[in-house]
Amino acid sequence: MSEIIRSVKGTRDFYPDQMVFRNWLYNHIRIVAERYGYQEWEAPILETLELYAAKSGDELVKEQAFVFEDRGGSLVALRPELTPSLARMVAQHRQRLNVPLRWWSFGPFWRYERPQKGRAREFFQWNVDLLGSTSLNADAEVASVAAALLSSVGLSSDEVVIRVNSLQLMERRIAEIGITKDFQPAVFRLIDRSDKMAESKWLEYGQRLGLNNGQLTALIEMLYDTDQWGDSEQLCEFFQITEYMGTREWFEFDPRIVRGLDYYTGVVYEARDKFARHRAILGGGRYDNLVSEVGGEPISGTGFAMGDVVIQLIAQEFEVVPDINPCRTQILVTLFGDESIVQSNNVANELRQNDLRVEVYPDVVKLKSQLRYADRQGIPIVIVLGPDEIEAGEVSIKQLVTGEQSNIPLARVVQTVRKILESE
RNA sequence: GUGCCUGUAGCUCAAUGGCAGAGCGCCGCACUGUGGCUGCGGUGGUUGUGGGUUCGAGUCCCAUCAGGCACCCCA
């Protein structure tokens with residue numbers, strides 16, 4: 001045998017037993033999103049590079065996008081995020097869309113980075129956005145959808161927190177410290193790293209940026225001031241609304257949250273496990289200018305994205321993922337010989353016409369092997385159909401969990417199987 | 001792109017520079033028309049690849065490929 005061709009770095013193979021998690025997550029996502037009135041949508045997986053060029057931040061486009069030339073010579077990118085596509089689609093059909101828009105989407109994304117814990121090059125991402133409202137009700141609602149999902153999958157606010165901040169508040173604070181506006185992006189990055197770097201390194205880094213000791217001291221003091229959200233009307237209102245929405249317990253003010261994407265303009269947040277041992281589970285916030293930047297009429301939006309990788313790590317860590325059998329088959333019909341293939345298929349078809357999920361064993365092999373297969377697949381019922389049963393116009397129904405087995409007339413197969421399945 | 005760590009059976013991992021092993025899995029038999037459990041037997045390998053040092057390399061050295069982790073960035 002020649003060597004097995006390798007999969008592409010950073011991609012993951014989803015065997016049936018691994019699809020179970022993704023589908024489980026997707027089901028929770030759909031139910032929660034619909035509960036809040038959000039509609040599912042999807043964008044192309046390929047977009048022109050131009051779409052991302054000025055909107056997503058240099059790093060994401062220049063370093064992390066999968067970019068290539070198509071056969072016609074145009075530069076296209078595998079989408080590294082969804083929000084620019086959202087902005088484009090909204091801009092294209094602004095007039096016919098009934099605002100406010102509440103949209104959600106779940107699909108694959110690609111970023112060319114070194115795979116590591118919580119990060120893959122191909123990943124799935126849930127996006128939730130509300131466009132056409134500048135009210136903090138919208139921010140609080142979208143963030144509450146995030147909280148509702150966390151709750152829905154079985155996590156608690158003791159395990160996961162959504163840390164919230166306001167970019168306006170931060171801008172004000174930074175100005176008060178005497179840092180000019182052009183330093184702001186660099187200082188945001190410095191703030192972002194404050195819990196990652198050792199304090200001495202962090203101070204060094206701050207000095208390199210040109211901050212003096214007084215400014216650094218003031219900055220540190222600000223970063224530890226967990227009560228200052230009271231100075232932000234925006235945040236006061238945000239927290240107040242989450243109270244009304246019944247999700248207040250999930251949120252916490254954190255002055256160190258400044259999101260990396262360039263297009264955020266207002267309230268921002270990210271969810272982490274309580275002790276921040278993993279990467280962010282989800283991140284989001286308000287973006288006021290995005291749609292106008294792709295050439296549309298200005299429309300304000302707020303939304304978040306959640307990747308599938310970190311939430312899986314967290315869900316496994318807190319043991320909230322149920323044990324689901326990837327095999328959904330309810331009944332296996334055995335095959336005894338080439339002569340009895342008619343009878344086996346007749347029984348299977350009758351069951352299928354009654355909405356039951358049925359397999360017929362494809363090969364004439366020992367009954368032992370057929371039963372062992374059913375056992376390993378976790379199929380609860382086996383219908384044994386051999387010469388004796390056929391002769392008598394019966395089938396033999398075996399329940400693998402209890403080992404019980406009985407012969408019944410062919411005409412009563414459906415009702416008997418139904419009864420067994422209902423009693424489980 | 002930078003740094004650190006790891007590559008041994010299908011899987012998880014052992015093996016002072018000196019005969020490549022265990023558990024699990026898989027296959028068979030006990031039980032030729034009955035799974036799981038048990039007992040017995042069997043299958044398991046170019047030690048990632050290439051080179052070097054050595055009487056002798058899974059082990060040491062170099063290169064290379066792959067994977068993991070961290071940085072960068074971010075879901």
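Below, chain A is the first sequence line, B the second, and so on; all start at residue 1. Bear in mind the structure is a predicted one, so any value in this text is a computation, not a measurement.
Rounded to whole Å, the P atom of B:U59 lies 14 Å from the corresponding atom of B:G52. Taking atom P in both B:A15 and B:U6, the straight-line distance is 14 Å, to the nearest Å. Rounded to whole Å, the separation between the P atoms of B:G48 and B:C11 comes to 13 Å. B:C26 sits 38 Å from B:A63 when the C1' atoms are compared, rounded to a whole Å. Taking atom C1' in both B:C13 and B:G1, the straight-line distance is 34 Å, to the nearest Å. The separation of B:G28 from B:G36, taken at their P atoms, amounts to 11 Å, rounded to a whole angstrom. When the P atom is compared between B:A14 and B:U8, the two are found 10 Å apart, to the nearest whole Å. Distance check on atom C1': B:G67 versus B:C31 gives 45 Å, rounded to whole Å.
Contact annotation for A:A374: no contact, since no heavy-atom pair falls under 4.0 Å across all strands. If you check every strand for non-hydrogen atoms under 4.0 Å, A:Q405 touches a base. Residue A:F304 is out of contact with every strand shown, counting any heavy-atom pair closer than 4.0 Å. If you check every strand for non-hydrogen atoms under 4.0 Å, A:A120 touches a base. Backbone-only contact: A:L282 has heavy atoms under 4.0 Å from sugar-phosphate atoms and none from a base. Within 4.0 Å (heavy atoms only), A:V382 reaches no atom of the nucleic acid at all. Among the heavy atoms of the strands lying under 4.0 Å from A:R193 are primed sugar atoms or P, OP1, OP2 only; no base atom is included. Residue-level contact check: A:I281 touches the backbone only, with heavy atoms under 4.0 Å from sugar-phosphate atoms and none from bases.
Between the side chains of A:Q405 and A:S396, a donor-acceptor pair is found at a separation under 3.5 Å. With no hydrogens or angles considered, a side-chain donor-acceptor pair links A:E359 and A:T329 at under 3.5 Å. There is a side-chain donor-acceptor pair under 3.5 Å between A:Q228 and A:R173.
At a threshold of 4.0 Å, the pair A:E42-A:R79 counts as salt-bridged, since one of the basic side-chain nitrogens sits closer than that to a carboxylate oxygen. For A:E81 and A:R111, the salt-bridge test fails: no basic side-chain N is under 4.0 Å from an acidic carboxylate O.
The 5' end of RNA chain B is approached more closely, in terms of each residue's nearest nucleotide, by A:L371 than by the other of A:L371 and A:G284.
Within the 4.5 Å cutoff, no side-chain heavy atoms of A:P255 are placed close to those of A:D225.
Residue A:Y15 contributes atom OH, which lies 13 Å from atom C1' of B:C11 at whole-angstrom precision. At whole-Å resolution of the value, CG in A:D375 and C1' in B:C26 are 15 Å apart. Atoms CD (A:E113) and C1' (B:C72) sit 9 Å apart, rounded to a whole Å. For A:R121 and B:C73, the CZ to P distance is 18 Å, given to the nearest whole Å. One can place CG of A:L313 at 13 Å from C1' of B:G68, the figure rounded to the nearest angstrom. In this structure, A:Q377 places its CD atom 15 Å from P of B:G36, rounding to the nearest Å.
At least one cation-pi condition fails for A:R286 and A:Y264: the charged atom is not both under 6.0 angstrom from the six-membered ring centre and inside a 45 degree cone around its axis. Cation-pi geometry between A:R163 and A:Y269 is not satisfied (NZ or CZ under 6.0 Å from the ring centre, within 45° of the ring normal). By the 6.0 Å and 45° rule, A:R102 does not stack over the aromatic ring of A:Y36.
Taking 4.0 angstrom as the limit, A:R189 places a side-chain polar atom (N or O) nearer than this to OP1 or OP2 of B:C73. At B:G35, one or more side-chain N or O atoms of A:K368 fall inside 4.0 Å of OP1 or OP2 (strictly under the cut-off). A sub-4.0 Å separation between OP1 or OP2 of B:G67 and a side-chain N or O of A:K9 is present. Look at A:Q116 and you'll find a side-chain N or O under 4.0 angstrom from OP1 or OP2 of B:A70. Within the 4.0 Å cut-off from OP1 or OP2 of B:C26, at least one side-chain nitrogen or oxygen of A:R376 is found. In this structure, A:R372 does not reach the B:C26 phosphate: none of its side-chain N or O atoms is under 4.0 Å from OP1 or OP2. A close approach under 4.0 Å does occur between a side-chain nitrogen or oxygen of A:K366 and OP1 or OP2 of B:C29.
Between the side chain of A:S340 and the backbone N or O of A:Q343 there is no donor-acceptor pair closer than 3.5 Å. A:K419 contributes no side-chain N or O that, together with a main-chain N or O of A:V414, makes up a donor-acceptor pair within less than 3.5 Å.
Note that the OG atom of A:S133 and the CG atom of A:L101 stand 11.0 Å from one another [nearest 0.5 Å].
For the side-chain hydrogen bond (donor to acceptor under 3.5 Å, both in side chains) test with A:T302, the passing option among A:T265, A:D139, A:D288 is A:D139; the others fail. Screening A:V365, A:V382, A:I379 against A:Y373 for a side-chain contact (heavy atoms from CB on, under 4.5 Å) leaves a single residue, A:I379. The one candidate from A:Q125, A:R22, A:R12 that meets the side-chain hydrogen bond (donor to acceptor under 3.5 Å, both in side chains) condition with A:D308 is A:R12.
If you check distances only, the side chain of A:R114 does reach the base of B:G3 with a donor-acceptor pair under 3.5 Å. Judged by distance alone, with hydrogens and angles left aside, A:R119 brings a side-chain donor or acceptor within reach of the base of B:C74, the pair sitting under 3.5 Å.
Pairs of Watson-Crick or G-U wobble type, with distances under 3.5 Å, assemble into runs of 3 or more in RNA chain B at these ranges: B:1-7 with B:65-71, B:10-13 with B:21-24, B:26-30 with B:38-42, B:48-52 with B:60-64.
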Exercise. Sugar-phosphate atoms are those with a prime plus P, OP1 and OP2; base atoms are the rest. Using that split, label each nucleotide of nucleotides 38-43 of chain B B, S or - for protein heavy atoms under 4.0 Å, 5' to 3'.
Key: ------
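Proximity of residues 385-401 of chain A to RNA chain B (heavy atom under 4.0 angstrom from any strand atom) is restricted to A:G386, A:P387, A:D388, A:E389, A:K398, A:L400, A:V401.
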